[in-house]
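The sequence lines fix the lettering, A, B, ..., with proteins before strands; numbering per chain opens at 1. A quick note: this is a predicted structure, and the numbers were derived from the prediction, not measured.
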Amino acid sequence: MTVESLNKQRVLHLLDTITRGDLEGSLACCTDDVYFLTHAPIDVLTHMGPRHGKAELREFWQKVSSRYSEFRYKVPQILADGDEVAVYLHAHFKKRGNDRVVQFDMAVFYSFRNGQIAQIREIIDSYDLVQQVLEREIGPLIVGEEADGL
Amino acid sequence: MTEHSLWRFSRALHRAINDRHFEDIEALIDEDVDWAVYGPIDMFPFLGACQGKAAVLQVIRQLADNFHVRRFERESIMLGVDSASSMLRYSLTALDSDKPISLRVAQFAQFRADRLINMRVLIDTFDLVEQALGRAIHLPRMTGVG
C-alpha cells in the first residue's frame, strides 16, 4: 500500500472516530503538538480559533460535541500526495438545542508526520455557516448598520 | 512527462481574469462542466453554482470585470491523475473600488481528457464580505450557540 493510500485511510478513520463521538480515538490519530485552524470569524464563532496541541483540540471537539448531537459526512473527493491529504466533504451537524441541522461543505487539508496528523486546516463558506448557526440572515444586519451609520 | 491539466487551467484562468484573454480557458472547459464557488450570491453574483461551459465562461468574464489578480501563492497542492486540490492565498484588487482583497481559497478540480469537468471552490466568505465592505460586521458573539 502506498503512503498516499494509507494516509487517505487514516483521514477517513479520523472522520469515523469523530462521527462515533470517540474523542480519544480521534486524538490518537494526531501528534501531541497537532495544530488545528479553521478560517472562520472567531470573533463571532469564538470556539473556532486556532488550537495547538491535543489538550486544546480535545477542548474544541468537546465543545462541538456539547452543542451538536450528531455529525455525519460524505466525502465526494479525497486526494493525497506524500504526507498531505485534502478532503472535500459535505458535513451535517444536528444542534442539541433545537434539532436543527447545520449543513455545509468544507475543505480540509491534513499534514502527516510519522503516520499521525500534525496539522488540520479547514476552509468553509463561513458567511453561510454563521447564518446557519445564528439562524438568521446577515444581510439585513449589514444594511441596518449602514443605515445607522455604524 | 505530460504537464498536469491543473497547470494549463491555472495559467489560462489567470490570463482570462487579468488580460481578458478567454480563448485558452474556453478550450480547457468541458461542455458539461459542473462548477460551484460557494458564497453570498446576493452580494457577489459571480458566486454560486452553474453548469455548462457557457455559464462558467460567463462567471469567468464577471470575475475579470471585478478583479485583478495581483499575486497568488500555493500553500498546499495535491495532484491526482485527473484531479487536483490546492489551498491558495490570493491578493486581488477590486476594480470598482481599487481596494486590495486578500483571500485564502480551497479548490478541488476534476478533469477529463484535459478539460475541466468539475470545480468546487471554498472561500472564507465572511472575511471576503468584510473586506468588500471595508469594515467589520458586528454580530453577537455566539459563544453558546455556535
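Contact of B:V105 with chain A is made through the backbone alone, with heavy-atom distances under 4.5 Å. Using a 4.5 Å cut-off between heavy atoms, A:F109 touches chain B through its side chain atoms alone. Heavy atoms closer than 4.5 Å to chain A are found in the backbone of B:A84, but not in its side chain. Heavy atoms closer than 4.5 Å to chain A are found in the backbone of B:I77, but not in its side chain. Neither the backbone nor the side chain of B:L47 comes within contact range of chain A, judged by heavy atoms closer than 4.5 Å.
B:T125 approaches A:D128 most closely through the heavy-atom pair OG1-N, 4.4 Å. The nearest pair of heavy atoms linking A:A86 to B:M78 is N-SD, 3.3 Å. Closest non-hydrogen pair, A:S126 versus B:D127, comes out as OG-N, 4.4 Å. Considering every non-hydrogen atom in both B:S83 and A:Q77, the closest pair reads CB-NE2, 3.8 Å.
Put simply, CD1 on A:I138 and CZ on B:F126 are 5.0 Å apart, with the number rounded to the nearest 0.5 Å. Note that the CD1 atom of B:I123 and the CD1 atom of A:I124 stand 13.5 Å from one another [nearest 0.5 Å]. Here NE2 of A:H39 is found 4.0 Å from CZ of B:R104. Values are rounded to the nearest 0.5 Å.
Under a cut-off of 6.0 angstrom, the local environment of CD in A:E135 is crowded, with over 12 non-hydrogen atoms contributed by other residues, nucleotides or ligands. Counting non-hydrogen atoms of neighbouring residues, nucleotides and ligands closer than 6.0 angstrom, the CG atom of B:L95 exceeds 12 such neighbours. The environment of CZ in A:R96 is crowded: more than 12 heavy-atom neighbours from other residues, nucleotides or ligands sit within 6.0 Å. Within 6.0 Å of CG in B:D42 there are more than 12 heavy atoms belonging to other residues, nucleotides or ligands.
A:V133 is connected to B:V129 through a chain of hydrophobic side-chain contacts under 4.5 Å among Ile, Leu, Val, Met, Phe, Trp and Tyr, so both are in one cluster. Following chains of ILVMFWY side-chain contacts shorter than 4.5 Å, one can reach B:L6 starting from B:I17, so the two form part of one hydrophobic cluster. Hydrophobic clustering, with ILVMFWY side chains joined whenever heavy atoms are under 4.5 angstrom apart, groups B:I101 together with B:L13. Both A:Y110 and A:L57 sit in one connected hydrophobic cluster of ILVMFWY residues. Membership requires side-chain heavy atoms under 4.5 Å apart, directly or through other members. A chain of hydrophobic side-chain contacts below 4.5 Å, direct or via other Ile, Leu, Val, Met, Phe, Trp or Tyr residues, connects A:F104 to A:L15.
At a heavy-atom cut-off of under 4.5 Å, chain A is reached by B:F108, B:A109, B:Q110, B:R120, B:L122 from residues 107-122 of chain B, listed in order of number.
Annotation: maximal heavy-atom pairing with chain B below 4.5 Å, among A:I123, A:L129, A:D81, A:D105, occurs at A:I123.
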